[in-house]
Structure formats: structure tokens, C-alpha cells
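Report on the structure given below.
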Amino acid sequence: MKAVNLSELLAGNAYPGRGIVLGLDETGENAVIAYFIMGRSVNSRNRVFEESEDGIITRAHDESLMTDPHLIIYAPVRDLGDGRIIVTNGDQTDTIRDFLRAGKSFEDALRTRTFEDDQPNCTPRISGLVEVKDGACGYRLSILKSDDNDDTSVQRFFFDYPQPKAGVGHFIHTYQGDGAPLPSFAGEPEKVTLRGDIEQFALETWDALNDDNKVSLYVAYISLKDGSSDTIIINKHDQEDAVC
């Protein structure tokens with residue numbers, strides 16, 4: 001599979017939904033994590049990312065507009081503090097964390113979960129695990145989805161990338177595009193190029209997302225040398241508030 005330009009891929013899809021990108025930066029010195037959310041409803045768009053003690057959480061931008069926190073409020077990123085970082089699009093973040101702390105695996109955790117209960121979309125649960133150790137990194141991705149929007153049939157897919165290449169990542173997202181019901185992502189994670197430092201990468205990724213539907217973006221560059229990290233959070237509501 002040939003790597004494609006991430007920005008061009010995003011720009012060509014008005015509604016990929018929620019997305020995870022994992023990989024190595026161009027220098028090969030930093031693991032890259034990106035997670036974004038999009039929304040079509042007022043409830044989905046009424047969110048921001050906020051730093052937490054071990055990663056980030058979602059919260060309502062305006063509490064008075066939050067009609068249903070179910071599937072909306074969760075911790076997308078949790079850093080276990082031992083070189084392992086979890087990123088997901090739902091509360092399965094905590095399921096994975098608990099299983100890993102108990103000495104079990106990423107896959108064990110996700111075999112206890114299924115897609116989201118938001119019929120008729122049956123939104124997939126997408127998850128990633130990055131492991132930085134001894135100057136190297138590897139990562140895993142997973143998607144839990146229905147069989148063609150059938151809420152009685154779950155399919156679980158796991159992808160393992162133990163030796164990533166510099167400047168290359170893998171991108172998985174919830175939807176193929178817009179629709180009714182929304183069509184679930186299909187196939188392997190997309191192989192993408194990762195360009196520039198954290199500021200360039202974050203800005204290009206944010207700018208490529210559909211302006212009407214994008215909500216928030218989180219990007220982290222994690223040093224393979226010492227495990228230190230740089231992070232950027234971009235919230236559409238923060239930008240709008242600044243203009244006002």
C-alpha cells in the first residue's frame with residue numbers, strides 16, 4: 001500500500017467522523033498521535049478537548065446546550081506513564097487502561113466491547129495503543145464495527161505495526177463519508193505521510209478538516225529518546241470565542 005497525503009485525504013472527505021492517526025515523524029525521532037472529532041448535530045458540535053492529568057478529556061463547551069452526554073463525554077487519550085499511550089473514540093479508553101494494568105492485552109480488552117449503540121449508524125469504536133520503549137516505538141489499531149449496520153452482528157479487526165517507518169503513519173476513522181445511515185469505515189487503516197514538526201502537522205491537519213463539521217484536534221509528538229512529549233490542542237469553539 002502506497003502512502004498518501006493525509007491532508008489531501010481529509011480534504012476529500014466532508015465527514016470522516018472521528019479519526020486516529022499513529023506513526024513516526026519525518027525525523028524518525030518522535031512517535032506521532034493525532035485524534036480529531038467532528039459533528040453534525042448541535043450536541044456533537046458542542047464539545048472541546050481539555051487537558052487532564054493523564055491525557056485529555058472531552059467536555060461541553062456550553063453546558064446548557066448538552067442534551068445527552070452518552071457517547072459524547074469521555075477520555076480520548078490516557079498515558080499510562082510507562083511508555084504506553086491509549087487513544088480511542090469512546091469510553092473503551094478506560095477498558096483498555098484497566099486491562100493493561102491487570103497484565104492483559106489491548107486485544108483482550110476490546111474483545112469485551114462492541115460498536116456504539118447509536119442505531120441505525122452503529123458507529124464503530126476505533127482504538128489505538130502506542131508503545132515507546134528503548135528508543136523505538138510500535139503501535140496497534142483496532143476497529144469494532146457492525147456488519148453493514150446490522151446491530152446484531154459485531155466484527156472486530158486488529159492491526160499491528162511493530163516497526164513503523166519515519167514519515168509514515170496509519171489513519172483509521174469511523175465513517176467512509178457522509179450518509180444516512182452513516183457508512184462505517186472499511187478495509188485496512190490508510191497509510192499516510194506525516195510531514196513537518198508538530199506545529200506544521202497540526203495546522204495542516206486542522207485546515208484540511210471540513211470547516212463546517214470539525215470540532216477539535218489533539219496532536220502529540222513523543223520523543224523516542226526520553227519519552228517527553230509536546231502536545232497541541234485546537235478547539236473550534238476556542239477560535240470562535242477569540243474572534244468574538
Side-chain angles (χ1 to χ4, degrees), residues 3-11 16 18-38 48-58 75-89 93 96-97 100 106 126-142 159-173 189-209 214-236 238-239:
V4 298
N5 183 282
L6 176 61
S7 294
E8 292 178 4
L9 196 61
L10 290 172
R18 286 164 276 174
I20 297 171
V21 181
L22 303 180
L24 271 181
D25 75 338
E26 284 183 311
T27 69
E29 297 175 355
N30 300 284
V32 175
I33 298 174
Y35 177 64
F36 65 80
I37 59 175
M38 306 182 82
V48 293
F49 287 164
E50 186 175 273
E51 290 185 357
S52 64
E53 290 184 356
D54 60 354
I56 60 170
I57 58 172
T58 62
V77 176
R78 291 206 187 273
D79 186 338
L80 296 185
D82 59 3
R84 296 181 294 179
I85 303 98
I86 305 160
V87 54
T88 88
N89 72 327
T93 307
I96 296 169
R97 174 198 61 187
L100 292 178
F106 176 75
I126 55 174
S127 307
L129 175 66
V130 176
E131 299 180 86
V132 176
K133 185 178 180 181
D134 298 329
C137 84
Y139 55 89
R140 304 175 193 179
L141 286 165
S142 171
F159 307 91
D160 190 8
Y161 305 93
Q163 295 177 311
K165 296 180 179 180
V168 175
H170 290 86
F171 172 40
I172 195 166
H173 44 101
E190 294 163 311
K191 189 177 180 181
V192 294
T193 54
L194 305 179
R195 302 188 307 179
D197 60 15
I198 187 171
E199 289 84 4
Q200 178 185 347
F201 176 71
L203 183 59
E204 289 184 357
T205 301
W206 180 252
D207 286 346
L209 291 167
K214 64 185 178 185
V215 175
S216 296
L217 170 69
Y218 167 88
V219 175
Y221 273 37
I222 303 157
S223 169
L224 303 189
K225 181 179 180 180
D226 59 17
S228 62
S229 63
D230 291 324
T231 62
I232 289 177
I233 292 174
I234 304 176
N235 292 309
K236 187 175 183 180
D238 291 342
Q239 294 180 332

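Only this structure's heavy atoms are used, side chains among them; waters, hydrogens and symmetry mates stay out. Note that the structure is predicted; figures quoted are calculated from it, not measured.
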Q: Please name all residues satisfying salt bridge (Lys or Arg N to Asp or Glu O under 4.0 Å) with E8, sequence neighbours left out, ordered by chain then number.
A: none
Q. Below 4.5 Å, heavy atoms only, C-beta onward: do S7 and D207 meet side chain to side chain?
A. no
(Q) My understanding is that only residues two or more places apart in sequence, or in another chain, count here; which of them pass salt bridge (Lys or Arg N to Asp or Glu O under 4.0 Å) with D54? (A) R78
Q: Could you pull out all residues at least two apart from R97 that satisfy side chain to side chain donor-acceptor pair (under 3.5 Å)?
A: none
Q. Which atom names give the shortest non-hydrogen contact between G83 and I85, and what distance separates them?
A. O-CD1, 3.8 Å
Q: May I ask you to decide if the ring planes of Y221 and F201 are parallel, tilted or perpendicular, using 30° and 60° as cut-offs?
A: tilted
Q. Are F36 and K214 side-chain neighbours, meaning at least one heavy-atom pair lies under 4.5 Å?
A. no
Q. Can you tell me how far the CG atom of L10 sits from the OG1 atom of T205, to the nearest 0.5 Å?
A. 6.5 Å
Q) Among all residues two or more places apart in sequence or in another chain, which pass the side chain to side chain contact (heavy atoms under 4.5 Å, CB included) test with D226? A) S223, S228
Q: Find the distance between CE (M38) and CG (L217) and round it off to the nearest 0.5 Å.
A: 11.0 Å
Q: Determine, stepwise, if the pair S127 / T88 fulfils side-chain hydrogen bond (donor to acceptor under 3.5 Å, both in side chains).
A: CA-CA 4 Å; S127 307; T88 88; 4.8 Å; no
(Q) Could you report the tightest heavy-atom contact between H170 and V192, atom names first, then the distance? (A) N-CG2, 4.2 Å
Q: Check whether any side-chain heavy atom of L24 lies under 4.5 Å from a side-chain heavy atom of L224, and answer yes or no.
A: yes
Q) Run the side chain to side chain contact (heavy atoms under 4.5 Å, CB included) check on I233 and T231 step by step: do they pass? A) CA-CA 7 Å; I233 292 174; T231 62; 5.7 Å; no
Q | side chain to side chain contact (heavy atoms under 4.5 Å, CB included) partners for L22, two or more places apart | A | I20, I33, V87, V130, Y139, L141
Q: Determine the minimum heavy-atom distance between V219 and A202, stating which atoms define it.
A: CG2-CB, 3.9 Å
Q) With sequence neighbours excluded, what pairs up with S229 under the side chain to side chain donor-acceptor pair (under 3.5 Å) test? A) none
**Q.** Non-hydrogen side-chain atoms of K236 and V215 separated by less than 4.5 Å
**A.** no
(Q) Looking at every heavy atom in both G227 and I222, which two are closest together, and how far apart are they? (A) O-CG2, 3.9 Å
Q. For K191, which residues count as a salt bridge (Lys or Arg N to Asp or Glu O under 4.0 Å) partner, sequence neighbours excluded?
A. none
Q) If every non-hydrogen atom of P76 is compared with every non-hydrogen atom of T58, which pair is closest and at what distance? A) CG-CG2, 3.8 Å
Q.
Could you work out, with side chain to side chain donor-acceptor pair (under 3.5 Å) as the rule, every residue matching E190, not counting sequence neighbours?
A. H173
Q.
Tell me every residue that passes side chain to side chain contact (heavy atoms under 4.5 Å, CB included) with T27, counting only those two or more places apart in sequence or in another chain.
A. D25, E29, N30
(Q) The criterion is ring-ring contact (aromatic ring centres under 6.0 Å, His included); which residues satisfy it with F49, sequence neighbours excluded? (A) Y35
Q.
Holding to side chain to side chain donor-acceptor pair (under 3.5 Å), I want the full list of residues that pass it with N235, two or more places apart in sequence or in another chain.
A. S216, D238
Q.
Please enumerate all residues that pass side chain to side chain contact (heavy atoms under 4.5 Å, CB included) together with E131, with sequence neighbours excluded.
A. R84, L129, R140
Q: Inspect the surroundings of CD in Q200 and state if more than 12 heavy atoms from other residues, nucleotides or ligands are less than 6.0 Å away.
A: yes
**Q.** Exercise: identify the closest heavy-atom pair between R195 and N5
**A.** CZ-ND2, 3.6 Å
